[in-house]
Protein chains: 2
Amino acid sequence: MAFKRMDERKEKILRATTDEYIASAEPVGSRTIARKYDLGLSPATIRNEMADLEESGYLQQPHTSAGRIPSVLGYRYYVDALMEQRSLTPQEESAVRQEFEDRRRGIDELLVRTSRVLSQLTHYPAMVLAPEMDNAIFRHVQLIPIDPTAIMVLVVSGSGRVEHGVMKLESAISESDIESVSNSLNRALKGRTFSEIKSTLFNQMRSEAIANDCFTEDILRLITNSLRSKNEENMRVDGTINIIEQPEFKEVDKLKPFLSLLSEGSNLPRYLSELTNQSGLQVIIGEENKLPEMTDCSVVTATYDVGGRAMGIIGVLGPTRMEYNRVVTAVEYVAACLNEMLLLFSKE
Amino acid sequence: MAFKRMDERKEKILRATTDEYIASAEPVGSRTIARKYDLGLSPATIRNEMADLEESGYLQQPHTSAGRIPSVLGYRYYVDALMEQRSLTPQEESAVRQEFEDRRRGIDELLVRTSRVLSQLTHYPAMVLAPEMDNAIFRHVQLIPIDPTAIMVLVVSGSGRVEHGVMKLESAISESDIESVSNSLNRALKGRTFSEIKSTLFNQMRSEAIANDCFTEDILRLITNSLRSKNEENMRVDGTINIIEQPEFKEVDKLKPFLSLLSEGSNLPRYLSELTNQSGLQVIIGEENKLPEMTDCSVVTATYDVGGRAMGIIGVLGPTRMEYNRVVTAVEYVAACLNEMLLLFSKE
DNA sequence: CTTAGCACTCTTTTAAAGCGAGTGCTAACA
DNA sequence: TGTTAGCACTCGCTTTAAAAGAGTGCTAAG
């Protein structure tokens, strides 16, 4: 990620071009920069510099006789070295704080609020990926009889997520049996991660006496099964509608791939979960994205962690011409708040 | 809702016009009908009849010298009397059945699947409104200690929905105390509806000895509070992306109001919940909708019931030029399947 | 009552012209 | 040697004009 620092004047021009293009969504010409940005240079000089910047790959021209727009490389340089750090206004900060105020809700509600506040703050669609259950720690299982031949199974993880399922029984089972099964399960599983439970423990328990009845075994299977499918459905999106304001999506044909990306069944959740490998803030610009359907987008993400082990990620999706400085600030701040809130849940 | 039956020939022409417009999305002219529909009439005759139909309000012209399109009244007549009933193909039916096959999941998962299958079937966005908790019956409350000063509260309703929240305590509380509070709550609340609990029971318990400690009271408040906010968030939407294929939304300006309708924070959930008053299938066309932002849409809804008391609703949203016959069939079928599935949960 | 014919209307498509923003190059200037 | 003014040229976008096409309403004849 090391880059050669360029000429200071070139930097100024690259920054001006990028700022201007982000603001106007139109290719920007030398004249505009000379007028609006006080560089003390004539359009002709700027033109020469821009030609250089284009040659070295930081700018590009949609067509001859149009202004320049930043290339992916240009945005990269801009994000890494040039852009002006902005901070949130006090109003914005307090809006975030307020959204996070209510502490009585579970983690799911917290994540819902996170996506909401993040999209409101940035005016772009915001995603929140809940941590994979696999890495979470088992806390509690609760069996509630529904009728003589059905019980409801509630599983609580260390981070406070609750999953539930209903189980039909072959034959009736007494309340006290349920209680003893529940107790032994809780004793055996407490403090383990779900992936441990899935891999080793399952077999181990099977061989031991503890799971000699198929009832217990079924419940174990239900627990691990419920996790598998949940992993794919744990992305929340909010503020999708925001992208419609972006000029690059004035035509439905451009809009469609973007919308499908944010719809059910896209590759986005998996992609985000891959990004969880690297912790902290990440900005991924246009074609830097691995997913081919994302070459016209940029994402700004930040990881958060819950219970010290499991890792989730929040992010903002926008056009390549994204207001990086505003978004980076917002994502950082919201991630920090979220982490703070989650600390409250994580005391095991 | 009684309407005068019109001339049989006029009916044929109205049906042909509507069918054709639904299929083509273009105003349809007399010539087209003469050619494609075997009415044994010349374009001129059809023209005369269409002029009549326009005068009586069933058809309208976008402009002079264009073909005709159905008015809301025209669609109404079409839906009520004219359209050909279609049934699902065996493939479609088995796709629905298959989606509903897995019985081990809770009601939430069931509703997720419902919206998914409904949008896949109709190629329009599909909504599912979960039943209001207010009318549901309390089944169980579970208190799980998280740490010495926090407990997790799980509430299970008669229909199998699970809500949860976290509660911070002022001071530590022993496991046995928790258990006794939990027991007395379960005894007192079991079998009541949540609205009863909210209104009468709250005060009643307060005066009785059962709730003389503020701990119990707090939990009661948490239970009722969690319901209130959930009522507004219990709509699921799937297949939003489908509308982008509809020619009426080729321009983003048309698309935007439609998308906001399906986004967070719209009036749609409330509107749907009002529709729950009338049970069974409903087709609401264009300006018949109460919401002003829905004058360009139609909805096809059907109610479902769970546990005999609480009522939910499923629906499909599309442009006024909707494939009513296909959609009506699909909504009816899916609602029937859903009801069937829910019967399994409702045995109290 | 039905239908062929025809003039008329109005939108959509196509073509051409003109505009304007912006560039690249050259030559002059500090 | 770096900077700037000037100018010819490119190319997309907008405007204008013309033509095409679809469909109607009316009239008159069958």
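Letters A, B, ... are given to chains in the order of the sequence lines, protein chains preceding strands, and every chain is numbered from 1.
- Whole-Å rounding puts the A:Glu55 CD to C:dG24 P distance at 11 Å.
- For the pair A:Glu49 CD and C:dG22 P, the computed distance is 19 Å after rounding to whole Å.
- Protein atom CD of A:Glu54 is 10 Å distant from nucleotide atom P of C:dT23, rounded to whole Å.
- For B:Arg9 and C:dC1, the shortest distance from a side-chain N or O to OP1 or OP2 is not below 4.0 Å.
- When rounded to the nearest whole Å, the span between CE of B:Met50 and P of D:dG23 equals 10 Å.
- Applying the ring pair (Phe, Tyr, Trp, His ring centres under 6.0 Å) rule to B:Tyr78 yields no partners; only residues at least two apart in sequence or on another chain are considered.
- Rounding to whole angstrom units, CZ of residue B:Arg68 and C1' of C:dT9 are separated by 13 Å.
- Between B:Leu41 atom CG and C:dC1 atom C1' the separation is 11 Å, expressed in whole Å.
- Between A:Lys36 atom NZ and C:dA21 atom P there is a gap of 13 Å when expressed in whole angstrom units.
- Side-chain atoms of B:Arg47 and base atoms of D:dG23 include no donor and acceptor less than 3.5 Å apart.
- Minimum interatomic distance between B:Thr17 and B:Val28 (heavy atoms only, all atoms of both residues): O-CG1, 3.6 Å.
- At least one side-chain nitrogen or oxygen of B:Ser30 sits closer than 4.0 Å to the OP1 or OP2 atom of D:dT24.
- Minimum atom distance to the side chain of A:Thr64 is reached by D:dC11, of the listed D:dG25, D:dC11, D:dT4.
- Distance from the side chain of B:Ala44 is smallest to C:dT3 among D:dT4, C:dT3, D:dG25.
- Side-chain atoms of A:Ser42 and A:Thr45 include a donor-acceptor pair closer than 3.5 Å.
- Residues B:Asn48 and B:His63 each lie close to DNA chain C; by heavy-atom proximity, the contact nearer the 5' end of the strand is made by B:Asn48.
- Judged by distance alone with a 3.5 Å cut-off, no donor-acceptor contact links the side chain of A:Ser42 to the base of D:dT4.
- Between B:Tyr75 and B:Tyr21, the ring-plane angle classifies as tilted under the 30° and 60° cut-offs.
- Rounded to a whole Å, the OH atom of A:Tyr21 is 14 Å from the P atom of C:dG22.
- A donor-acceptor contact under 3.5 Å is formed by the side chain of A:Ser65 with the base of D:dT10.
- Within 4.0 Å of A:Thr45, counting heavy atoms only, lies at least one base atom of the nucleic acid.
- Using modelled atom types, one finds no donor on one side chain facing an acceptor on the other under 3.5 Å when comparing A:Tyr333 with A:Glu92.
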